[in-house]
Amino acid sequence: MPLIVQKFGGSSVRDRDRIFNVARIVANTFNAGNDVAVVVSAQGDTTDDLLEKAGEITHNPSAREMDVLLSSGEQISMALLAMALGELGCPAVSLTGWQAGFETNRSYGRARIKNLNTERIASELDKRRVVIVAGFQGLNVNDDITTLGRGGSDTSAVAIAAALRADRCQIFTDVDGVYTADPRLVPNAKKLQVISFDEMLELATLGAQVLNNRSVELAKKFGVELEVLSSLNPVSGTIVREGYDMMEGMLIKGVAKDTNVAVVSILDVPDVPGMSFKVFSLLGQKKINVDIILQSSGRGGNKDLIFTVPASDAAIAHQILLENLGRFGGKEVLVDTNVAKVSIVGAGMQSHSGVAAKMFEALYEANVNVRMISTSEIKISVLIDAAEADRAVVAIHAAFEE
Ligand code: ASP
Ligand code: MG
């Protein structure tokens, strides 16, 4: 029997009506003669609410207890969905991440899946039941609950699809696919029929909210074709798969905006070998991802090191750099969170010239100042003032519309 994995995000299971809506989608898939494994997220803003509750108790919660708390949101969803399926006469069983066999590394809050023991899921599917698995959670070697990081349920779904060699992996969300820009910002953004793993990975990493980037990484690694679609609007969505089709002829697949960015500047560090190594290895030890890096040319034996980090890590980065400033010999550390990164992504830019110029022209005409630039083979990112980000997205999108 074909196996279909279906993942439903928080907005898709927000309340009673949405849960029954999901139950009908799942039951229809099951009744059409498929085995169905479902992954659910916590309802609506539950995860944020749980974070807030912890904040009412302490500003320094134990990472272990935080994961115990956060993993409870998904358990509510899975039980309610199993009950709703029962109401529809569809046999279903819910499983926590650990019942479902998710083994992770030790890192609380951002755990990585090490292994998925599929025995239990497979045996439930054999009994011709819908299996509902709580997303974003597993168990580490200490038998402690871990969570996979925000948006981690996508990754749980892809892992199940990969391990059980599912015939399809459908990611249901509240938009009906991947668009060339956020349709709330750019009303004439177009839905993509197909996008490659690499392009999707860049878009997901650069701020498009549809898919979690680690889920795309995993899908690429195991060749799991993904279908992104709406749980509310039954139209065809976007397929994410290997390779890309020149015939599609779209140079740019998307314009993304990321406001979770901060610029860190370390001023007047000595212009000597090993300085970048010292700074960035320190940040690496704290698992802080550095993205765009600029280094001013030396003057008077000194230089400035300027780079971006996620805004959510800016306070920690600031603190540890200040603590080590004496070691580097720098004068000052400045942090600016009023910035945004706007990026264009498209594999087509590898074989076309003038893409960067077109983007910069659009920014120039919109009177947006570019503070930093970074590029890869299939993306160009600019760092600009946060207040100008929406205007920049609209202008760039318009420039690439044929
Ligand atoms: N509930 C978790 C979150 O909000 C995981 C997920 O939704 O994928 O981040
Ligand atoms: Mg969520």
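The basis for the numbers below is simple: all heavy atoms, side chains too, and nothing from hydrogens, waters or symmetry mates. We count ligands from 1, going down the list as the structure has it; atoms in each ligand are counted the same way. Nothing fancy with the numbering, it's 1 onward along the sequence.
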Heavy-atom gap Gly10 to ligand 1 smaller than 4.0 Å: no

Non-hydrogen atom of Gly151 closer than 4.0 Å to ligand 1: yes

Aromatic ring pairing Phe8/Phe172, orientation class (parallel under 30°, perpendicular over 60°, tilted between): parallel

Under 4.0 Å to a heavy atom of Ser41 - the qualifying atoms of ligand 1, by number: 6 (C), 7 (O), 8 (O)

Least distance between heavy atoms, Gln75 atom then Ala134 atom: N-CB, 4.4 Å

Arg150: numbered ligand 1 atoms lying under 4.0 Å from its heavy atoms: 3 (C), 4 (O), 9 (O)

Check ion pair Arg184-Asp390 (N to O, under 4.0 angstrom): no

Arg165 NZ/CZ over Phe222 ring centroid, <6.0 Å and within 45° of normal: no

Phe136-ligand 1 polar pair, N/O distance under 3.5 Å: no

Check: Asn21 side chain, Ser12 main-chain N or O, donor-acceptor pair, under 3.5 Å: no

N or O pair under 3.5 Å between Lys7 and ligand 1: no

